[in-house]
2 protein chains.
Amino acid sequence: MPPRFKEPYCSAGCPVEAALGLIGGKWKGIALYHLMGGTLRFNEIRRRIPGVTQRMLTTQLRELEADGLIVRVVYPEVPPRVEYSLSAKGRTLEPVIMALKVWGETHARSPQPQASEAAA
Amino acid sequence: MPPRFKEPYCSAGCPVEAALGLIGGKWKGIALYHLMGGTLRFNEIRRRIPGVTQRMLTTQLRELEADGLIVRVVYPEVPPRVEYSLSAKGRTLEPVIMALKVWGETHARSPQPQASEAAA
DNA sequence: CATGACAGTATCCTTTTCGACACTATAGGC
DNA sequence: GCCTATAGTGTCGAAAAGGATACTGTCATG
């Protein structure tokens, strides 16, 4: 849980930090983004996010659930099946995530994911 | 500097994390927010953000500067005068910050600053 | 002369976050 | 019997972020 706002230390800019506190986890943005495409199982999300470990993904998803942004449904089957989807509150985040995404695509292409096509 | 995206580990959700990496510092959101109101001196920002230390504010502002989001102008005067303002790139963040702010105001009133009016 | 404002630095420390790895339990395929 | 897949948990350690405090140097004020 992000310990961002323990006290009402800030005046007007605070909601910004509050929102950031909820979606600021390292993998939360991507997870939410993928869930915007619809319900996904745990390993489906995991496969969509190369580099994340189970433990990390579990943690992040649980925090999102605790914050009421996603819904976690466990089917008492074997092998286990757990489905994640956005909650109503989570869906209200779509414009925010999209604003972040559009801005990132336009202005933050820092991680330029090519190191070999400089001259290609 | 936020070491968020060292490798191109993610596909489509990545710009979201990239954007988050730039504005995700603890005080960056508020600082940017206040700078949207116009140019401010160091201590003016500081006074607008109760709870931040010089060191933290310096760090965050320098990172924002390094990321090209704000402009820092030093006037070779005595006593020193340093003015901070949004860069052109920083101004493109306004809709993002505002989306965050609106969402936070609407959905993230978590820090409900009361703990004694439960039965009152 | 002492103090405060300005805009920081330097040093140290604590908290938080992130990540690697091993482990659970069951079922199905070979 | 062994391996894989499912969705995790537990433990440990490293790294990063955040924070407390003290210090710089000059000028104006009292």
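Letters A, B, ... are given to chains in the order of the sequence lines, protein chains preceding strands, and every chain is numbered from 1.
Map B/Thr53 and B/Val78 each onto its nearest nucleotide of DNA chain D; the residue landing nearer the 5' end is B/Thr53. Both A/Thr58 and A/Pro80 lie close to DNA chain D; mapped to their nearest nucleotides by heavy-atom distance, the more 5′-ward contact belongs to A/Pro80.
Judged by distance alone, with hydrogens and angles left aside, the side-chain atoms of A/Thr39 form no donor-acceptor pair with the main-chain N or O of A/Glu83 at under 3.5 Å. A side-chain donor-acceptor contact under 3.5 Å links A/Arg91 to the backbone of A/Leu86. Proximity of a side-chain donor or acceptor of A/Arg81 to a complementary backbone N or O of A/Glu77 within less than 3.5 Å is not detected.
The side chain of B/Arg81 lies closest to C/dA7 when the candidates are C/dC12, D/dT11, C/dA7. Comparing C/dG8, D/dG8, D/dG10 against the side chain of A/Arg55 picks out D/dG10 as the nearest. Comparing D/dG10, C/dC6, D/dA20 by their closest approach to the side chain of B/Asn43 singles out C/dC6.
Taking atom CD1 on B/Ile45 and atom P on C/dA7, their separation rounds to 9 Å, with Å as the unit. Between the CH2 atom of A/Trp27 and the C1' atom of C/dT16 there is a distance of 17 Å, rounded to whole Å. Between the CZ atom of A/Arg41 and the P atom of D/dG8 there is a distance of 10 Å, given to the nearest Å. Distance, A/Ile30 CD1 to C/dC18 P: 11 Å, rounded to whole Å. Between B/Leu61 atom CG and C/dT9 atom C1' the separation is 15 Å, expressed in whole Å. For A/Leu20 and C/dT16, the CG to P distance is 18 Å, given to the nearest whole Å. The nearest whole Å value for the distance from the CE atom in A/Met56 to the P atom in D/dA15 is 16 Å. Distance A/Leu57 CG to D/dT6 P: 13 Å, rounded to the nearest Å.
By the rule that hydrophobic residues join a cluster once side-chain heavy atoms approach within less than 4.5 Å of another member, A/Met56 and A/Ile23 end up as members of one cluster.
The phosphate of D/dG8 has OP1 or OP2 within less than 4.0 Å of a side-chain N or O from A/Arg72. For D/dT6, one of the phosphate oxygens OP1 or OP2 lies less than 4.0 angstrom from a side-chain nitrogen or oxygen of A/Arg47. The shortest distance between the side-chain N/O atoms of B/Arg62 and the OP1/OP2 oxygens of C/dT9 is below 4.0 Å. Contact annotation: A/Gln54 does not reach the phosphate of C/dC21 (side-chain N/O to OP1 or OP2, under 4.0 Å). For the OP1/OP2 pair of D/dA16 and a distance below 4.0 Å, the side-chain nitrogens and oxygens of A/Lys26 include no atom meeting the criterion.
Note on A/Glu44: nothing from the nucleic acid sits closer than 4.0 angstrom, heavy atoms only. Nucleic acid contact for B/Tyr75: none, since no nucleic acid atom lies under 4.0 Å from a heavy atom of the residue. Residue B/Gln60 is in sugar-phosphate contact alone, with no base atom involved, counting any heavy-atom pair closer than 4.0 Å across all strands shown.
A heavy-atom distance below 4.5 Å is found between the side chains of B/Ile97 and B/Met36. Side-chain contact between A/His34 and A/Leu40 is present, with heavy atoms from C-beta onward closer than 4.5 Å.
Between the base of D/dT6 and the side chain of A/Arg46 there is no donor-acceptor pair shorter than 3.5 Å.
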